[in-house]
Amino acid sequence: MDDLIARRAAFDTAEFPEEGLEVDDLAHEPDVSRETSMRIPPSPRIIVVANQKGGVGKTTSVVNIAAAMALEGLRVLVIDLDPQGNASTALNVEHREGVAGTYEVLIDGDDIIAHVQRSPESDNLWVLPATLDLAGADIALVNMHGRETRLQRALQQFLIDAYADYIFIDCPPSLGLLTLNALVAAREIMIPIQCEYYALEGVTQLLRTINIIKGNLNDRLELTSVLLTMYDARTRQAQQVADEVRAHFPQTLSAAIPRSVRVSEAPSYGQSVITYHRASAGAQAYLQAATEIAAQA
Ligand SMILES: Nc1ncnc2c1ncn2[C@@H]1O[C@H](COP(=O)(O)OP(=O)(O)OP(=O)(O)O)[C@@H](O)[C@H]1O
Ligand SMILES: [Mg+2]
């Protein structure tokens, strides 16, 4: 606990570079010959992480896969699209009410690059934070022009303003206008599935939604990864769910994320599990998942 308080205090008093400097850093084209053990994609990959079922490991997976890639030298942006702001918390960026972020991008039409913050996890990791204000975005969007395409347009502009290898979008547990914006803006979808009895409930509805979006608003959207989370190899049920998911979805990554205390406690230290406890089984599984995703490019 003392350790946690010390870290928090260090974060609160840390001197952050001028905003302009950070933006210049992100706008600067990364060195093509940079050292990385993970494949650099030929063009930026935009991956939405969605499942309208709550608590299945969406945020945990976004945070740890993004951190794993960034620590290996890839340049990564995380867009926090959930008013709960869990990804912003876990990646240790400022997101108290009033801090500009996803809400201002979606509702006011601000540029993403104006509000991104660098995560203390890695120089290569950037976050567009979400605050509680975002809870009002669904209603505010309803009457707006191009309400489903606002994130898509903002991301198109971001890719002109800046360089990123990967953009991960962390969705709230619903299929409302926020998630819809993500599904329209992204090329790829990753579905985390928790290894428990009702795991596939809701996935059918999500797949139906994806098909509707493919037919109307975004014909390039593809389900490219399914990730098994909170896997407990000791229970038969988890194995059965994993087998069923693998049979249903050939896109299932071979890395399954084990249920692990290290994974769940890392955010309370404002860290990913990769920097918090790299040798742990959870960190190693997320590193493997990130490597597999990078290898798809
Ligand atoms: N591999 C894991 N081992 C142990 N606990 C985990 C693991 N993955 C996630 N958790 C815990 O499960 C809870 C839900 O995870 P998480 O917040 O990532 O899910 P989510 O799908 O983003 O939830 P929401 O739908 O509310 O956004 C959290 O308390 C998290 O710490
Ligand atoms: Mg979440």
Side-chain angles (χ1 to χ4, degrees), residues 4 47-68 78-93 95 101-102 121 127-132 134-135 137-138 168-176 178-179 181-183 189-196 198-203 205-206 209 225-235 237-239 241-242 245 252-290:
L4 175 59
I47 303 178
V48 53
V49 178
N51 187 336
Q52 77 275 27
K53 197 164 177 345
V56 298
K58 292 181 287 295
T59 302
T60 306
S61 300
V62 165
V63 163
N64 291 306
I65 291 170
V78 168
I79 295 184
D80 192 347
L81 202 57
D82 186 347
Q84 298 177 99
N86 296 150
S88 307
T89 306
L91 291 170
N92 218 334
V93 298
H95 67 109
T102 311
E121 273 290 292
V127 184
L128 180 67
T131 63
L132 270 176
L134 194 57
D138 250 310
F168 288 99
I169 309 174
D170 185 29
C171 288
S174 70
L175 287 176
L178 288 170
T179 299
N181 261 272
L183 292 171
I189 174 164
M190 177 170 104
I191 305 180
I193 295 183
Q194 187 181 345
C195 297
E196 52 153 33
Y198 295 110
L200 286 170
E201 252 183 33
V203 173
Q205 197 192 347
L206 178 57
T209 306
S225 303
V226 170
L227 178 63
L228 298 166
T229 62
M230 293 179 243
Y231 180 70
D232 185 347
R234 292 166 306 182
T235 71
Q237 192 186 71
Q239 285 176 25
V241 171
V245 170
T252 309
L253 302 178
S254 18
I257 311 303
R259 187 178 282 282
S260 133
V261 176
R262 300 279 188 229
V263 170
S264 57
E265 69 189 6
S268 61
Y269 293 88
Q271 281 182 278
S272 73
V273 74
I274 318 290
T275 53
Y276 175 58
H277 215 287
R278 195 181 170 105
S280 68
Q284 291 300 311
Y286 271 121
L287 279 161
Q288 194 197 329

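Whatever order the structure lists ligands and atoms in, that order sets their numbers, starting from 1.
Counting protein heavy atoms under 4.0 angstrom from atom 9 (C) of ligand 1 gives one or more. Remark: atom 13 (C) of ligand 1 lies closer than 4.0 Å to no protein heavy atom. In this structure, atom 29 (O) of ligand 1 has its sub-4.0 angstrom surroundings free of protein heavy atoms.
Using a 4.5 Å cut-off on side-chain heavy atoms (C-beta onward), Tyr276 and Glu265 make contact. For the pair Leu175 and Gln205, the minimum side-chain heavy-atom distance is below 4.5 Å. Put simply, the side chain of Pro192 reaches to within 4.5 Å of the side chain of Val49, judged on heavy atoms. In this structure, the side chains of Ile193 and Leu227 stay at 4.5 Å or more apart for every pair of heavy atoms. The shortest distance between side-chain heavy atoms of Leu228 and Cys195 falls below 4.5 Å. Looking at Thr179 and Leu81, their side chains never come closer than 4.5 Å, going by heavy atoms from C-beta outward. Using a 4.5 Å heavy-atom cutoff, the side chains of Ile274 and Tyr286 are in contact.
Heavy-atom distances between Ala285 and ligand 1 stay at or above 4.0 Å for every pair. Residue contacts with ligand 1: Asp82 is included, with a non-hydrogen atom under 4.0 Å away. Contact annotation: Gln84 has at least one heavy atom less than 4.0 Å from an atom of ligand 1.
Under the 3.5 Å distance criterion, the side-chain polar atoms of Thr102 are matched with a main-chain donor or acceptor of Pro129. Distance alone, capped at 3.5 Å, is enough to place a donor-acceptor pair between the Asp80 side chain and the Ser88 backbone.
Looking at Thr59 next to ligand 1, an N or O pair under 3.5 Å apart turns up. In terms of polar-atom proximity, Ser260 is counted as a contact of ligand 1, with an N or O under 3.5 Å from an N or O of the ligand. Distances between N or O atoms of Gly57 and those of ligand 1 include at least one value under 3.5 Å. By the 3.5 Å distance cut-off applied to N or O atoms, Lys58 is counted among the residues near ligand 1.
We find that Glu196 and Lys53 are joined by a salt bridge, their nearest charged nitrogen and carboxylate oxygen being less than 4.0 Å apart.
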Query raised in the report: Going through the checks in order, is the side chain to side chain contact (heavy atoms under 4.5 Å, CB included) test met by Met230 and Ser260?
Result: CA-CA 7 Å; Met230 293 179 243; Ser260 133; over 6 Å; no

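For the residue pair Tyr231 and Gln194, no side-chain donor N or O sits within less than 3.5 Å of a side-chain acceptor on the partner. Between the side chains of Glu121 and Thr275, at least one donor N or O lies within less than 3.5 Å of an accepting N or O.
Numbered from 1 in the order shown, with element, the atoms of ligand 1 that lie under 4.0 Å from a heavy atom of Gly54 read 25 (O). Residue Pro258 has at least one heavy-atom neighbour below 4.0 Å for each of these atoms of ligand 1: 1 (N), 2 (C), 3 (N). Those atoms of ligand 1 that come under 4.0 Å of a heavy atom in Gly55, given as number and element, are 14 (C), 19 (O), 20 (P), 21 (O), 23 (O), 24 (P), 25 (O), 26 (O).
With distances taken over non-hydrogen atoms, the option nearest atom 18 (O) of ligand 1 out of Thr60, Val56, Ile257, Asp232 is Thr60.
Excluding waters, the set of protein N, O or S atoms lying under 2.8 Å from the Mg ion (ligand 2) comprises Thr59 OG1.
Scanning all protein heavy atoms for the shortest distance to atom 11 (C) of ligand 1 gives Ser264 CB, 4.4 Å.
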